[in-house]
Number of protein chains: 2
Amino acid sequence: MKSVVPVTVVEIKTACSQCNLRELCLPFGLDPGEVNQLDELVGSRRKIKRQQHLYRSGDPFEAIYAIRAGSFKTDVILEDGRDQVTGFQMTGEVLGLDGISSEEHSCNAIALEDSEVCVIPFGRLEELSRQVESLQHQFHKIMSREIVRDHGVMMLLGSMRAEERLAAFLLNMSQRFTVRGFSPSEFHLRMTRDEIGSYLGLKLETVSRAFSRFQEEGLVAVQQKHIRILDTPGLKRILNHHTA
Amino acid sequence: MKSVVPVTVVEIKTACSQCNLRELCLPFGLDPGEVNQLDELVGSRRKIKRQQHLYRSGDPFEAIYAIRAGSFKTDVILEDGRDQVTGFQMTGEVLGLDGISSEEHSCNAIALEDSEVCVIPFGRLEELSRQVESLQHQFHKIMSREIVRDHGVMMLLGSMRAEERLAAFLLNMSQRFTVRGFSPSEFHLRMTRDEIGSYLGLKLETVSRAFSRFQEEGLVAVQQKHIRILDTPGLKRILNHHTA
DNA sequence: AAATCGTATTGATGTGGATCAAAGGGCTCC
DNA sequence: GGAGCCCTTTGATCCACATCAATACGATTT
């Protein structure tokens, strides 16, 4: 027999005010009353199965998405088939900002595992952020953070060597897991070597070799997608000790 | 003898409502009354001489800047001295968005020629964009456009070969000159080969060689920084005809 | 008009990562 | 719980771009 628990109970359970990601997400810096207003705006949630698209390049832009559970990659594909992973996104991060400029999405967002997002209709977000100063400011910070992040990737792609890129990637992942309350030194990557390679501007074989080298040097223990960082300072040294 | 024309005359002359860049810039989509409100907000203008910084990484973030005249580059510098040019900006484009996220600038903005910017205090911009919906939306579009642009650069750096990168760069410059009412096929680059190389993730010699090759093939006529594009479809073909 | 210095071009050689190739390991899906 | 397939690792070779080096050009200064 089906449960008769009203839907509202579920909705309350998943509201921003109850969400343990709120410190990372759009509600950051809002007072409780404001968070409730935001709750009303977040119309629905959407589950996305592994390998499925949240949106595709060319789709009309209507909403941005906050990741409640799981993780995603975004990529751009050229006519000739070449593609570039432009980012990996984790819980509490916002997807879809690329679509604002032209009213349609300019990249693909694909779930790396079974995931769930909060759908935030963009018109209503703009409306509410005209009334709620702290929401407006937090939204601007999130967009700006994306720009700063992209500049970091440009630096990585434009002037780092393969092992530096992978070290930067691992340290970045570690830091983001830490913020989410997971271990800084032991985690599971949801993306393949090929996807890491695309993101870092390297071929998958090069990524694999760099992992092996790090393992030989005792910097990390690698078992497929399971990563244990053994020597964080050592990884940081690879990044900074560039003998130009 | 000095002129006694009141300062206000100059200020009116340089107001958003009178500016021929308004279709490219923050006032786009605003009605005349709204543009006047924006005028009041743009407190001052600042002249920046060639090679001087508009802001530096680490400077406190207080304002964003719209380029009235001239052009800029932005770059990021690592502790070990390596640097990466993250963009070139032309008239009507906005600088400083990187600073919103952390309240301080995260890159350097340097004038490529004697230039002038409109200073837009950010707190007041947020305030006004809470009242003026079209300004809010245009500002969001400008931030989003920056994100989309950065994704394009990531694609370029991550998966294109040297000549493809340079072709993409030239076509992009051409398109931006065109929008500003200049010739699509003949223009003057304000940046050095070294700066182009940094932006494209190449060494200056490689940039120079790619220019020479394009010239041999009759695609462009290059005379130092003066560029004449002779075969736009040919350049586009280099971009797309990637035989993977 | 000569001197200077930053910028650009071109050539010769070196190398990091790509490409090609093959085999082993672990998921996923019946 | 087994079959198939995707993912990963590792080795051998190749090549695009970096590096090193020398010269030439152009703008600015004197």
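Order of the sequence lines sets the chain letters (A, B, ...), proteins ahead of strands, with each chain counted from 1.
Panel note: side chain Thr74(A), backbone Ala109(A); no donor-acceptor pair is recorded below 3.5 Å. Between the side chain of Arg165(A) and the backbone N or O of Met160(A), at least one donor-acceptor pair lies under 3.5 Å. When atom types are taken as modelled, the side chain of Gln215(A) and the backbone of Val222(A) share a donor-acceptor pair closer than 3.5 angstrom.
In this structure, Met173(A) and Met191(A) have side chains that are in contact, with non-hydrogen atoms separated by less than 4.5 Å.
Using a 4.0 Å heavy-atom distance criterion, Gly197(A) is classed as making no nucleic acid contact.
Atom CG of Leu200(A) and atom P of dA18(C) are 11 Å apart (whole Å). The interatomic distance linking Lys203(B) (NZ) with dT7(C) (P) rounds to 16 Å, in whole Å. Following rounding to the nearest Å, His188(B) (NE2) and dG26(D) (P) show an atom-to-atom distance of 13 Å. Rounded to whole Å, atom P of dT8(D) lies 10 Å from atom CD1 of Ile227(A). Computed from coordinates, the Gln51(A) CD to dC29(C) C1' distance equals 14 Å when rounded to whole Å. Here the P atom of nucleotide dC27(C) and the CD atom of Glu113(A) are 15 Å apart, to the nearest Å. Computed from coordinates, the Glu163(B) CD to dC15(D) C1' distance equals 14 Å when rounded to whole Å. In this structure, the CD atom of Glu164(A) is 14 Å from the C1' atom of dG17(C), given to the nearest Å.
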Sort me out a list of protein N/O and nucleotides 8-14 of chain C N/O pairs below 3.5 Å, or just none if empty.
residue: dA8(C); atom: OP2; partner: Arg193(B); partner atom: N; Å: 2.9
residue: dT9(C); atom: OP1; partner: Arg193(B); partner atom: NH2; Å: 3.3
residue: dT9(C); atom: OP2; partner: Arg193(B); partner atom: NE; Å: 2.8
residue: dT9(C); atom: OP2; partner: Arg193(B); partner atom: NH2; Å: 3.4
residue: dT9(C); atom: OP2; partner: Ser208(B); partner atom: OG; Å: 3.0
residue: dT9(C); atom: O5'; partner: Ser208(B); partner atom: OG; Å: 3.3
residue: dT10(C); atom: OP2; partner: Ser212(B); partner atom: OG; Å: 2.6
residue: dG11(C); atom: N7; partner: Arg209(B); partner atom: NH1; Å: 2.8
residue: dG11(C); atom: O6; partner: Arg209(B); partner atom: NH2; Å: 3.0
residue: dA12(C); atom: N6; partner: Arg209(B); partner atom: NH2; Å: 3.3

Extract from the structure each pairing of a protein N or O with an N or O of nucleotides 28-30 of chain D at less than 3.5 Å, listing the distance.
none

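A centroid separation of less than 6.0 Å is found between the aromatic rings of Tyr199(B) and Phe88(B).
Crowding of Arg180(A) atom CZ: a count of heavy atoms from other residues, nucleotides or ligands under 6.0 Å exceeding 12.
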